[in-house]
Each structure stands twice: as C-alpha cells, then as structure tokens.
Amino acid sequence: MTPPKLLPLLGAPSHPGGRSAMTCRYRCGDACAQPVPNESGNEYFADVVARSVSRRAVVRSGAATAAVGAISWGVAAPVAATPGRGGGRGSDRSRGPGRIKPPSDFEAIAPAPAATDELIVPTGFEWAPLISWGDPVTKGAPAFDFDNQTPEAQRGQAGYNADFAALLIDGRGRGGQGSQGRRGVLVFNNEYTNDELMFRGVTGSADLTDTQLEIVQAAHGMTIVDVRRQRPGTPWEYNRRGRRNRRLHAHTEFALDGPAAGNAALRTSADRSGRTVLGTLNNCAGGVTPWGTVLSGEENFNQYFDATDAPDPDKRLARYGITSAGRGWERVDRRFKVAEEPNEVNRFGWVVEVDPDDPSSTPVKHTAMGRFKHEGANVRLADDGRAVAYMGDDERFDYIYKFVSKRRHRPGNRRHNMKLLSEGDLYVAKFNGDGAADGDYDGTGEWLPLVVDGRSHVPGWPVADVLIWTRQAADLVGPTKMDRPEDVEPNPVNGRVYAALTNNTSRKPGQQDEANPRTPNKHGHVLELTERRNDAAAVSFTWKIVLLAGDPGDPSTFFNGYDKSEVSPISCPDNVAFDKQGNLWISTDGQPGTLGNCDALYMMPLEGPEKGRLQQFLSVPVGAECCGPWITADERTVLIAVQHPGEVSGASPENPVSRFPYLGDGQPRPGVVQVHRR
Ligand code: FEO
Ligand code: CA
Ligand code: CA
C-alpha cells in the first residue's frame, strides 16, 4: 500500500454535520444552517428513566476503555492486527475446497488524514473504476469531454454524484439474483451536482447559463447500465451498448400511484391528472426488492424550488425546508417557482421504484409510502408474505417509518409484486427506553399507525393528506425525534433491522432520550431493531444501540461491547449493507470535519466472538463521501460509490483538490468503484 499523499491546502472550517461548507451548500441546501423544521411538541424524553441512563451507560463504557488501555486514533496508526477472540481471522475458516474468502476477511487499514487524495484498500485487494460521471451510457452518447458538455450529451451519459449503487447478477438464486453469471445490471442514483466543480468560472448557481442549468438537471436522477465479466472473480466492466442502459433525469416521465395519486394537491398546469411527474431529484440511498426492482429515495428535493413569495399559512412548505430561493432552476423551467406552480413541489419527496430489466417501463412514485426527505427504502418479507419497507427521514429530529403492503408477495410473479408498494399501511416509530439498570441503551418500541387498512389514524386528516404531508401528520401521533435517520435496512441473515443515525449537533442537553443519548451527537450511532417474534409486520419491537461512533478513546463510544483497543475509529454512519454472513457494512459521510479523516467503509460482525469488532475496509479520497456500499451476491466484489471527490471549499476546475478516479483528464469525477481480492 502506498503511503497517503498529503495535499497542501484544506483546513477550511467544516459545518456542524462534519462536511465541507461546499458540500453543505450543494448537497442539502445548507440544511444544518436552517432552523430545525420539526417544531412539534413531541417529547424528547421517551421516558423519565432515560435521563439517568446516559450517565451510567457512559461510565460503563468508559470503564471498559480504561481497562484495556485506550489509544487515540486521531493520528493514522495501523489498526491492531492481532487475532480476535476465539481464533479470530487467522484461522481463515472460510477457506476450503472450492470456496472463496469472503470480503469480510481482510486486515483493517488505518484511517487516512482528510487531505489524502487516494482510494485506499486493504492489503491483497485492488480497486478499479466501474463507471464515472460522464461515461457514455445510451446509444449515440458521446465520450466525456469536460470542456464541451451539453444537455443532450449528459442525458445519455452517467449522472453525477452516485449515492446508492447495486449490481444485480443475472440468474436466479438467493434474493432473486444469480451469483455465477457473467452478466448483470448496475443501478446507481445521481443525487446532486456541484456546479462549481462541473464548470469553469462558476462560483455559485447564479453564475450558471441556461445551458448549464439544463446540464445539471440532466446529471441528476439515476443511471442503469448492463455490466459483464469474463468469469466469476474477474472485474466487471460496463457495456456501452447494453440493452438495459438507461438514464432517468429531471425530465423523465414517472407515474404517481397509490392512494394520493390524482389528488388535487398533486395536479399542476402541465399535469391536470396529478398522475404524471417529470423527473426524480436528489436520490440518495435505496434498496433492491425481493422481486428484483430498485427503490430510491428522493431526499433534499426542497432545495431545487424557489419559494420566494410563496404563501405558507400551514407551514406545509417550511416543515419540508422549502424556504430558499433555490438553485435557479426556475430560470429554465417555471415549475420550480413555487409561487407560480404551488403543487409541483408536492410531486417530489417520494420513494421511486424502477424495473432495471425493462428499459421501456415507466418508473413509479409510490404515494402509499409517504412523502418526506426519503433517504431510501429497504424491503423484507413478513411471515405471511407481505412486503415491509423500512425508511428513514434524513433531517435532524425527524422520524423512522415503515410500510406494510396489503397484498402478499408471489414468488416469480413480478407483475403482481411490482404493485405491492402501491397499497398498504404506514407507521412511524416510537422508541421507549428501558432504563439504566441493564447498562445498555435499549428498550421497546411501537410502530404508531398513520394509515391502516385504508383508513387514516391521524384525527381529522384524510388519507391523502397523511401521505402528502407525512411529516406533519406524524408530528400529531407522538413518534421519537431521531438524530438524522439515514439508511434503515433489514439484515437478511438475522432478520433484524439496522438504522444509521448520522449525527445531530443540534440536540441539546435535556433533549436526549435512550435511543438518541448524546448531546450534541457529533459522531452518530447505529440502532438495531428486533421486530416482535422477528416478524417484519409486527407493530412492536425491541431495540438496542450497537454502535456509538467516534474515536474509540472517547469514553462515550460503544462498539457493541467489543474491546475498544481493537476497533477502528468511525464517525457519521450513513449507508449500511450486509454480506452473506450477515456482517454489517457501514459507509460514512462527514469524518473530515469530525475526526479529521477521509470518509470510509467499515465492516462490523453482529454475532459471534468478533461481535462489535469494527474494522476499516477502505478510505475514499479527499472531499469525498463513501456511499453504496454493496456486496455482490457472489461475495467477490465490494461496490462503493465515491461521491463528490474533491468537494472542498475553494476547489475549482483550475485548482482541483482531487483527481479521482485518476483517468488523466485532471478533474475529479464521482462514480462507482469495484474492489476485489487480488
Ligand atoms: Fe443524502 Fe441522507 O444523505
Ligand atoms: Ca437500557
Ligand atoms: Ca446518505
């Protein structure tokens, strides 16, 4: 492994969420600098006991640290490679006749200082770009040319800033995917653009020409491409002429379905039916359904709309952060001017479902799953076959939700299954702490009904209103205000659900509860939910915090009970994934501002003697956020999305801070990367 290279710049103050000021502006419209949108009177204290709990649990983990001798990871020191308890990795149990070593078998890397312009993987692994921003995808699309971008070219090229990425291997197997095939399809989201890094001479959205505005609109959305490899175990390449290649962007037609489709609040001057929307925006995380479609969450859609002069008597705009002058998109498309087209904004903030196998299909926005700043959605089947989707609303003090389909999954009947998310029940989570006596942050929880059996459970609110203004409807039933819920994903091995709570520096003393115990919560945490009888359709659950992130030398951290001298530092958990053994993989967003390290990918076992032994797998380059992640069904490829490389305040095309993926054109290009065992 080459030693990290240090660049001479940086040191710009980061914003409260740990990101650079430039990332805050483009990624979420400076959400952290705005007032907290949730002004509801929901109690911060899930119960009275929680107040005394935090101290005792903190003292307990502090004692553990002292016993093993805390080390500081503020400097890049190698992670202890000593075998874990019970034989540890040295025994290499996975190796046997005809078996490969799973990617979870690796030697942890050390954290890289935040200015490192390198993608670092463990010894014995190698990485390669699979596809990058601007690579041609659809028929006739030109090769990428940084200085000659056009809207037409971008509509046929890979979009910008991938967040979610999934590679589905063709064939039938576990989870509806093959594993030995040589072909597959890659689907990834294009969450947002950085106008200052895409074009020369642009210092903000106000500088964009009309043509450049059309280019950035075309760079949003999703990208679908066929991929192939010579044989299992060799690297994937994308197929420029693939049958399934497709771009979805700000002008692609989507169908609204479910109970709110056609509602008056979803009709516009261009769509009197309230059933057809152009575009998907700010698509963050996502998931693959058991029937092989891809779900994607529309997250910070608010920032594209100019809310100047738009009346807001019921705070239906403010509750979603639709308060700014936007990105200038209204200059080329008047539907982004709220005062002129007040309902257009209601047509964003949904979960979208895309069938990657049918490039002629119309993707769908599911109103039954509610409207909020959807991070993503991940499905598990209940015992009776109903589809259950877990979802986070990524905002400080917002909520975790779940959807339960009315109908049951029918194996092999994709047409039927693609209707499952169109009708069902919607719940929001309330977490109750069980007190300090057990020394854990844990307790019980309830799924509070919002819509059940087609009926609203929010007094005075019709079903369609609950689904369109879900945040305000949820405020009325008393859920728990969480620390920015991001990926919420069921583990296919143990059935439990894992929720990444990135951070919340606005949570003040007196506002903590047992599920959100830190004030402020600078580094974030991960919650584990166990549904009653492990049935996804249950309306109650138990829960436990399995990771309180941070420098292991910080006494408030907790690594599921593991010896903190043997774990990697981590901060700002964002996206999660699982491998075949059920290990939890966590990618991060914000470490440069909280630990001074590049963002990274980690693996943490959830069972057995190494439970809680969090190890760093890779490190992404300066300014980038680590997204994805995805472990292919054959366990031979770890896929990540390197989002916004080089996005550091002051960077520009003339003065790039990163040149990732180092293809010789000199400019940073976000994209999807594959990592293999060498
Ligand atoms: Fe797009 Fe919640 O991160
Ligand atoms: Ca407890
Ligand atoms: Ca995210």
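First listed ligand is number 1; within each ligand, the first listed atom is number 1.
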*Close side-chain approach of E375 to D393, heavy-atom, < 4.5 Å*: no
*Would you call E528 and K544 a salt bridge, taking side-chain N to carboxylate O under 4.0 Å as the test?*
no
*Flag the pair W585 / F617 as yes when their ring centroid distance falls below 6.0 Å, and as no otherwise.*
yes
Atom 1 (Fe) of ligand 1 to nearest N/O/S of [X] below 2.8 Å:
{"X": "E375", "value": "no"}
{"X": "D574", "value": "no"}
{"X": "C284", "value": "yes"}

Out of the N/O/S atoms in [X], what is the name of the one closest to the Ca ion (ligand 2)?
{"X": "D434", "answer": "OD1"}
{"X": "D442", "answer": "OD1"}
{"X": "D438", "answer": "OD1"}
{"X": "E514", "answer": "OE2"}
{"X": "D440", "answer": "O"}

Examine [X] relative to [Y] and say whether NZ or CZ is less than 6.0 Å from the centre of the six-membered ring and inside a 45° cone about the ring axis.
{"X": "K564", "Y": "F559", "answer": "no"}
{"X": "R471", "Y": "Y320", "answer": "yes"}
{"X": "K430", "Y": "Y399", "answer": "no"}

*E299 atom (N/O/S) at minimal separation from atom 1 (Fe) of ligand 1*: OE1
_So, of the N/O/S atoms that E191 has, which is the nearest one to atom 1 (Fe) of ligand 1?_
OE2
*Only one of E489, E607, E531 clears salt bridge (charged side-chain N to carboxylate O under 4.0 Å, His left out) with R496; which?*
E607
N, O or S of [X] under 3.0 Å from the Ca ion (ligand 3):
{"X": "E375", "value": "yes"}
{"X": "D589", "value": "no"}
{"X": "E486", "value": "yes"}

*asked:* For W543 and E514, which I'm curious about, is there any donor-acceptor pair between the side chains at under 3.5 Å?
replied: no
*Candidate list E486, R396, R484, H525, test side chain to side chain donor-acceptor pair (under 3.5 Å), partner T502, passing option*: E486
*Can you tell me if an N/O/S atom from G443 lies under 3.0 Å from the Ca ion (ligand 2)?*
no
